[in-house]
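All remarks here apply to the structure that follows.
Indexing begins at 1, ligand by ligand and atom by atom, following the structure's order. All heavy atoms count here, side chains included; hydrogens, waters and symmetry mates do not.
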Amino acid sequence: MPNRERSRSAELWAEAQQTMPGGVNSPVRAFQAVQGDPVFMERGEGPHLVDADGNRYIDYVASWGPLILGHAHPSIEAAVSEALKRGTSFGTCSEYETRLAKMILEAYPSMDRVRLVNSGTEATMSAIRAARGFTGRDKIVKAAGCYHGHADYLLVKAGSGATTFGTPTSAGVPADFAKHTLIVPFNDAEAAERALSEHPGGVACVILEPAAGNMGLVPPAEGYLEALRKLTAADGALLIFDEVMTGFRVAYGGAQERYGVSPDMTCLGKIVGGGLPVGAYGGRADVMAAVAPTGPVYQAGTLSGNPLAAAAGVAALTELRQPGVYERLETLGARLEAAICRAFSEAEGPFFVARVGSMLCAFFGEGPVTDYDGALACDTEKFGRFHRAMLNRGVYLPPAQFEAFFVSTAHSEAEIAATERAFREAVEEVEAGGPHVD
Ligand code: KE4
């Protein structure tokens with residue numbers, strides 16, 4: 001029976017809106033991209049979330065990616081409880097941060113050195129500063145539809161045309177701050193080549209999500225990453241893979257392992273902290289030597305590498321590097337993809353499912369979706385109603401079409417089967433014009 005009783009969530013929502021901007025600490029959680037009010041979650045248990053009214057959901061958001069082992073994993077719980085007994089943060093060197101850093105370097109051979117920070121935004125912001133400091137160049141190239149956190153010069157959108165200077169998408173970002181940011185279409189190596197050739201010796205880096213998870217899920221086209229690797233090597237611009245989402249997700253060694261392309265720098269976040277705030281950026285020894293205190297590029301952080309978060313990250317990676325984990329994630333991802341396709345096969349409207357390992361997306365539009373324009377053409381209103389229909393059937397999907405679903409090692413065939421039933425019913429309800437928001 002669909003669960004709709006959410007009176008306690010409603011009370012909490014009213015209170016939250018009186019205390020935080022829009023009632024949230026991150027905009028997407030406000031459910032503005034879908035109909036209705038957000039659900040307040042009280043606890044996570046393996047593949048499930050339980051809301052403030054006691055309703056249980058199969059969770060495919062996984063806190064936007066970090067919870068690849070599911071909620072409240074015993075190994076992470078034990079590691080954090082143990083670390084807590086020694087304190088939370090010392091603001092000094094400690095072996096715990098070195099332990100996590102070493103595990104990252106072992107997993108990412110393209111990285112000779114890595115710096116721990118506290119979020120994906122910090123990781124990409126710092127990596128770009130290091131690229132600019134190392135190359136002495138100011139411009140950066142980013143792909144439309146890729147999200148790299150909220151640093152000013154990254155909150156830009158493309159103008160018209162294939163390769164354009166960015167214009168701010170957020171208030172508070174002076175146009176001047178966007179003038180060094182060049183936007184190219186994702187999966188278009190020729191546009192990247194044009195951007196580099198139009199600014200010879202001027203581009204510090206090309207940054208992208210190697211499999212894009214912030215416009216829905218858009219995998220790299222055959223040869224795209226290889227082409228960017230060649231173009232940047234020839235130009236002297238650094239290739240930065242933002243693997244905040246794909247790192248430890250699509251393979252233990254991230255997209256660079258899955259697709260066999262090594263960047264000059266890598267940004268990590270989400271999974272690397274095991275659910276606590278950790279980001280990381282790293283790369284070639286010569287580039288990272290530019291970072292303070294060894295070089296002139298300044299970057300710092302009070303809680304960077306703190307022992308508590310480092311303990312959670314070490315515990316998560318220790319679990320993930322066990323044999324068979326990514327084969328299991330691949331199997332579960334493929335089963336969910338097949339279940340969604342079966343459920344959609346009776347739908348009238350166009351739909352398309354994309355998957356890379358245990359990251360997926362159901363687009364309400366024509367496929368394949370290969371770039372941002374393709375994603376924008378999707379029916380977001382229909383996705384909104386679908387999200388609500390699934391919520392009412394106990395399945396928690398990301399509250400926006402331009403996000404990815406995540407499967408964890410805690411999901412089983414039982415959850416996939418229950419999800420397929422919910423998908424089928426939700427598609428029927430949506431095709432009939434519902435659900436109507438309470
Ligand atoms: P954070 O600063 O949110 O830790 O990371 C920023 C970031 C950087 N790079 C990529 C590829 C990312 O996906 C993100 C953050 N992802 C979003 C969800 N698509 C986080 C959710 C949110 O903003 O609340």
Show the atoms of ligand 1 that are less than 4.0 angstrom away from any heavy atom in [X].
X      : answer
Gly149 : 6 (C), 7 (C), 8 (C)
Val28  : 22 (C), 24 (O)
Glu403 : 18 (C), 19 (N)
Thr121 : 1 (P), 2 (O), 5 (O), 6 (C)
Ser119 : 2 (O), 4 (O)
Glu209 : 11 (C)

The single option from Gln299, Glu122, Arg129 passing side chain to side chain donor-acceptor pair (under 3.5 Å) against Tyr281: Gln299
Partner of Ile140 under side-chain contact (heavy atoms from CB on, under 4.5 Å), chosen from Leu238, Thr181, Ile183, Val206: Thr181
Tell me which protein heavy atom sits closest to [atom], plus the residue, atom name and distance to 0.1 Å.
atom                    : result
atom 9 (N) of ligand 1  : Asp242 OD2, 2.7 Å
atom 4 (O) of ligand 1  : Gly120 N, 2.9 Å
atom 24 (O) of ligand 1 : Ser26 OG, 2.6 Å
atom 13 (O) of ligand 1 : Asn214 ND2, 2.9 Å

For [Y] together with [X], are the ring centres under 6.0 Å from each other?
X      : Y      : answer
Phe248 : Tyr108 : yes
Tyr147 : Phe402 : no
Phe364 : Phe344 : yes

Is there a donor in the side chain of Gln256 and an acceptor in the side chain of Ser110, or the other way round, less than 3.5 Å apart?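 Yes, a side-chain donor-acceptor pair sits under 3.5 Å.
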Does the Tyr60 side chain pair with the main chain of Ser408, one donor and one acceptor, at a distance under 3.5 Å?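 No: the side chain of Tyr60 does not pair with the backbone of Ser408.
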So Tyr396 and Tyr57, would you call those rings parallel, tilted or perpendicular, with 30° and 60° as cut-offs? perpendicular
What do you reckon, is CZ of Arg284 surrounded by more than 12 foreign heavy atoms closer than 6.0 Å? yes
Counting heavy atoms only, name the option from Trp64, Phe402, Tyr147, Phe241 that's nearest to atom 10 (C) of ligand 1.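 Closest candidate by heavy-atom distance is Tyr147.
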Which one of Arg29, Glu122, Met245, Lys270 has a non-hydrogen atom at the shortest distance from atom 20 (C) of ligand 1? Lys270
Below 4.0 Å from ligand 1: does a non-hydrogen atom of Glu243 turn up there or not? no
